[in-house]
Amino acid sequence: MTKPGLFATLVSLLTAALLPACDAINLPQIQPGITTAAEVLERMGEPGYRYDNDDGTATWEYSRQPNGVHCYMISFDRQQVVSRLDQVLNDANYARVQPGMSREQIRRLLGAPGSRTTFRNLGEEVWEWRIEGMPVMDETYFMVHFDTATGLVKKTSRRVEAKG
């Protein structure tokens, strides 16, 4: 590996390691009804995606994929004040994923996946999120399988990689 390549790898690893620490400091400071969009930008940086809602409000996505296990959706009212802060990678949201949902609906529900893989022989595109699991030392993944012909959800599954 070249020195610039090594440096980029080290910076990437350091960033991945520090994000949870930053979240532990910044997220408690974001309070519905008080914190403004400008303050969220200052604390959290640019969101991975901005959703404009039909009612004139907005939701910003802060995914910690592929190395983290969280995705925060921060919603704002029309005055650009935080109305909600949700960690969306949770069992309640996994249960909401149903056959026939679109990729856009899944992205809005769970945020950006950590990976996307197409299996042409199965006619599937699989989106995968690293999630909290048991035991904690293992890596657990939630997967949504899309039909490549229709682009709609076929099913969901989970995968556990034993570590150690």
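Looking at every heavy atom in both residues, Gly111 comes nearest to Cys71 through CA-SG, 3.7 Å. Pairing each heavy atom of Gln31 with each of Val82, the nearest pair is O-CB, 4.2 Å. Nearest heavy-atom pair across Ala149 and Asp147 is N-OD1, 2.6 Å.
The side-chain contact (heavy atoms from CB on, under 4.5 Å) search around Ser83 returns Ser75, not counting sequence neighbours. Partners of Phe119 by ring pair (Phe, Tyr, Trp, His ring centres under 6.0 Å), not counting sequence neighbours: none found.
Judged by a 6.0 Å distance limit and a 45° cone about the ring axis, Arg158 is not positioned over the six-membered ring of Tyr141. Figure legend: cation-pi geometry between Arg64 and Tyr72 absent, as NZ or CZ is not positioned both under 6.0 Å from the six-membered ring centre and within 45° of its axis.
With rounding to the nearest 0.5 angstrom, the CE atom of Met143 is 9.5 Å from the CD1 atom of Ile131. To the nearest 0.5 Å, the span separating CD on Glu125 from OG1 on Thr117 amounts to 8.5 Å. Note that the OG1 atom of Thr35 and the CD atom of Glu42 stand 11.0 Å from one another [nearest 0.5 Å]. Interatomic distance, CD of Glu132 versus CG of Asn90, reported as 9.5 Å (0.5 Å rounding). In this structure, the separation between CD on Gln80 and OG1 on Thr36 is 9.0 Å, given to the nearest 0.5 Å.
Annotation: side chain of Thr156 is in contact with side chain of Phe142 (closest heavy-atom distance under 4.5 Å). The shortest side-chain heavy-atom distance between Val97 and Leu110 falls under the 4.5 Å cut-off. Side-chain contact check for Leu89 versus His70: every heavy-atom pair is 4.5 Å or farther apart. In this structure, the side chains of Glu39 and Gln29 stay at 4.5 Å or more apart for every pair of heavy atoms. You'll find the side chain of Ile74 reaches within 4.5 Å of the side chain of Ile30, heavy atoms only. Under the 4.5 Å side-chain criterion, counting only non-hydrogen atoms from C-beta, Ser102 is in contact with Leu152. By the 4.5 Å heavy-atom criterion applied to side chains, Pro113 and Gln65 are not counted as neighbours. At a threshold of 4.5 Å between non-hydrogen side-chain atoms, the residues Tyr62 and Val40 count as touching.
Environment of OH in Tyr51: crowded, with over 12 heavy atoms of neighbouring residues, nucleotides or ligands closer than 6.0 Å. For CG of Asn121, the number of neighbouring non-hydrogen atoms (other residues, nucleotides, ligands) closer than 6.0 Å is greater than 12. Atom CZ of Arg84 has 12 or fewer heavy atoms from other residues, nucleotides or ligands within 6.0 Å.
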- Task: Determine, stepwise, if the pair Phe146 / Trp127 fulfils ring pair (Phe, Tyr, Trp, His ring centres under 6.0 Å).
- Result: CA-CA 8 Å; Phe146 295 93; Trp127 289 11; 4.8 Å; yes
- Val153/His145 under side chain to side chain contact (heavy atoms under 4.5 Å, CB included): CA gap, chis, key distance, verdict: CA-CA 6 Å; Val153 172; His145 303 249; over 6 Å; no
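Ion pairing between Arg130 and Glu139 holds under the 4.0 Å rule for side-chain N and carboxylate O. Taking the charged nitrogens against the carboxylate oxygens, Arg159 and Glu128 do have a contact shorter than 4.0 Å, which makes a salt bridge. Using a 4.0 Å cut-off between charged nitrogen and carboxylate oxygen, Arg108 and Glu61 do not count as a salt-bridge pair. A salt bridge does not link Glu124 to Arg120: none of the charged side-chain nitrogens sits closer than 4.0 Å to a carboxylate oxygen.
No donor-acceptor distance shorter than 3.5 angstrom exists from the side chain of Glu46 to the backbone of Leu41, with no hydrogens or angles considered. Of the possible polar contacts, none joining the Arg78 side chain to the Ala58 backbone as a donor-acceptor pair under 3.5 Å is found. In this structure, Asn53 contributes its side chain and Asp55 its backbone to no donor-acceptor pair below 3.5 Å. In this structure, the side chain of Asp77 engages the main chain of Val81 through a donor-acceptor pair within 3.5 Å. A donor-acceptor contact shorter than 3.5 Å links the side chain of Trp129 to the backbone of Ala112. Proximity of a side-chain donor or acceptor of Glu104 to a complementary backbone N or O of Met101 within less than 3.5 Å is not detected. Although no hydrogens or angles enter the test, the distance criterion places a donor-acceptor pair under 3.5 Å between the side chain of Asp138 and the main chain of Lys163.
Close placement of the Phe76 and Trp60 rings is indicated, their centers lying within 6.0 Å of each other.
Under the side-chain contact (heavy atoms from CB on, under 4.5 Å) rule, Leu27 has a single partner from Arg43, Met44, Gln87, which is Met44.
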